[in-house]
Amino acid sequence: MRSPGHGAGFAALVTATLLVTAAANLSPMLVSALAVQIQDDLGIGEAEIGMTVSAFFFVGALTSALAGRTVERIGPATGLRLSAAAAGAALVVAGALGRSWPALIILVGLAGLANSLGQPAANLYVARGVSSRRQGLALGIQKSGTPAASLLAGLAIPAVGLTIGWSWAFVLGGLLAFGVTLGVPAVGRRPPAPGRGGAATGRRPVRPRPDVAVRLLIAVTCSTGLAAMGSMALGSFFVLSSVEAGVDEAAAGILLMAGSVVGIASRLALGAGADRAPLSPFHMLAAMFAVAALAFAGLSTGSEAMLYAATPFAFATSFAWPGLFHLAMVRSNPSAPGAATGITLTGNFAGAVCGPLMFGLLVEATSYGWAWGFAAITSGAAAALMAATSRLVAPAAPSMA
């Protein structure tokens, strides 16, 4: 049997992680893309849309660390299948029963369980099935699942939302997610290497622990949490903001699709490049956060021309950095990549909770210009913190063969 890291096995492995990631992130992306129809149907405003998206990541923040440890026990393939099944159930029920805002926010929030399981499962899946020389590309493909979900959500505006209704987009997305569960191949449950995170010599094995010191993981968590605030504001309010700037709703959906394609291409290019680049992924993250801050500053002008100019840079950075982040976690924590991801994803989810919520409240209190300015500030702060932390994390990370 061929190793999952080579030939058709590699393709099957990364395709499975890509599809599960897309399914797990489809709920908030559909809320964001179909926000205009949902607002009209349920009689809610931007703040409620932001809260609904935030609920997804709030549940993820609460369950991320536990999900990471759970995945280490049950294995990555099982974790991925559970993630896709949970996503499918949440989407179908939300489409069928989410006819009021309280019902919708609860159901979208529960979908966050699928994401908190899927992210560490995918990292562990790649860590066990792909050689270190190809992990950057594999994670770049896998993390393209989020912009792929955004692309599908953008397509849902003209294809489903404006034809048969927004709720059907959730039902159809759920059926696709159920289908994804059938395409997750098994990967060997290879035990951790002996050592700090490996098995003990006695009866009771030592629980796998991250290789990087917890204080440094917390610093990375804070940086990515700040960056996630801007990233999720982009995913949550791009269509509404574009319509406010004078773009037609259908055209805004197409622009969202185009931005998502840019995000996917950037993740793939950065993932492949990270396998060969002399720079640490942590240093590359700091640079991406800085560019994202500039792109958000451009969006804050409210100009339609600046919208078209800044959109590619915003999606190429805010939608592309998670691949590098997860590569950094896998490379620097070979003993327990799932557990390390579970810890640091808490910050990502917390930022994803606060970002849409605060953005929506700022829009209602001020304007989209001030809200995008806030996103620029948080991304700039994330760049500064990551630049400082990378000097400590990179030398502390164990070397990879």
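Because the structure is a prediction, the values reported are computed rather than measured.
Put simply, the side chain of Met288 reaches to within 4.5 Å of the side chain of Leu324, judged on heavy atoms. Within the 4.5 Å cutoff, the side chain of Met257 has no heavy atoms near those of the Leu152 side chain. A 4.5 Å side-chain heavy-atom check between Val108 and Val53 finds every atom pair outside the cut-off. Considering only heavy atoms from C-beta on, Leu294 stays 4.5 Å or farther from Phe313 through its side chain. Leu104 places a side-chain heavy atom less than 4.5 Å from the side chain of Ile38. By the 4.5 Å heavy-atom criterion applied to side chains, Glu48 and Glu364 are counted as neighbours. Put simply, the side chain of Gln39 reaches to within 4.5 Å of the side chain of Leu240, judged on heavy atoms. Using a 4.5 Å heavy-atom cutoff, the side chains of Ser116 and Val59 are not in contact.
Taking Phe315 as the reference, Phe238, Phe319 meet the ring-ring contact (aromatic ring centres under 6.0 Å, His included) condition, with sequence neighbours excluded.
Put simply, the side chain of Thr181 never gets that close to the backbone of Ala84: no donor and acceptor are under 3.5 Å apart. With hydrogens and angles ignored, the 3.5 Å screen pairs no side-chain donor or acceptor of Ser223 with any backbone N or O of Val220. Here the side chain of Thr301 pairs a donor or acceptor atom with the backbone of Gly298 at under 3.5 angstrom. Within the 3.5 Å criterion, the main-chain N or O of Leu357 finds a donor-acceptor partner in the side chain of Ser54. In this structure a side-chain-to-backbone donor-acceptor pair under 3.5 Å is missing from Asp41 to Gln37. Looking only at distances, no side-chain donor or acceptor of Thr78 sits under 3.5 Å from a matching main-chain atom of Gly75.
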For Thr317 and Ser266: C-alpha separation, side-chain torsions, deciding distance, then whether side chain to side chain contact (heavy atoms under 4.5 Å, CB included) applies. CA-CA 8 Å; Thr317 53; Ser266 297; over 6 Å; no
Phe325 vs Leu285, side chain to side chain contact (heavy atoms under 4.5 Å, CB included): CA-CA, chis, key distance, verdict: CA-CA 7 Å; Phe325 159 72; Leu285 284 169; 4.2 Å; yes
Yes or no on side chain to side chain donor-acceptor pair (under 3.5 Å) for Ser231 and Trp321, after CA distance, side-chain angles and deciding distance? CA-CA 9 Å; Ser231 299; Trp321 66 260; 2.9 Å; yes
Side chain to side chain contact (heavy atoms under 4.5 Å, CB included) assessment of Val92 paired with Phe178: CA-CA 10 Å; Val92 170; Phe178 282 131; 3.9 Å; yes
Given the rule in the side chain to side chain contact (heavy atoms under 4.5 Å, CB included) test, do Gln119 and Asn25 qualify, once you have shown the distances and angles that lead to the verdict? CA-CA 10 Å; Gln119 296 284 1; Asn25 284 275; 4.0 Å; yes
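Between the side chains of Trp101 and Thr52, at least one donor-acceptor pair of N or O atoms lies under 3.5 Å.
For the atom pair CD1 of Ile105 and CD1 of Ile49, the computed distance is 10.0 Å after rounding to the nearest 0.5 Å. Interatomic distance, Leu113 CG to Leu66 CG, rounded to the nearest 0.5 Å: 10.0 Å. Distance CD1/Ile106 to OG/Ser100: 8.0 Å, rounded to 0.5 Å. The CG atom of Leu172 sits 10.5 Å away from atom CG of Leu91, with the distance rounded to the nearest 0.5 Å. Expressed to the nearest 0.5 Å, how far CE of Met232 lies from CZ of Phe237 amounts to 10.0 Å. The distance from atom CE of Met229 to atom OG1 of Thr378, rounded to the nearest 0.5 Å, is 5.5 Å.
Shown here for Met386 and Ala286, the closest heavy-atom pair between the two residues is CG-N, 3.8 Å. Of all non-hydrogen atoms in Phe57 and Val353, the two that sit nearest each other are C-CG2, 3.1 Å. Contact between Ala227 and Ala382 at its shortest, heavy atoms only, is N-CB, 3.6 Å. The shortest heavy-atom contact between Leu256 and Ala33 is CD2-CB, 4.0 Å. Between Ser318 and Leu234, the shortest heavy-atom contact is CB-CD2, 4.0 Å. A pairwise comparison of heavy atoms in Val239 and Ser32 identifies CB-O, 4.3 Å as the closest pair.
Environment of OH in Tyr368: crowded, with over 12 heavy atoms of neighbouring residues, nucleotides or ligands closer than 6.0 Å.
The aromatic rings of Trp372 and Phe296 sit parallel, their planes meeting at an angle under 30°, below the 60° perpendicular limit.
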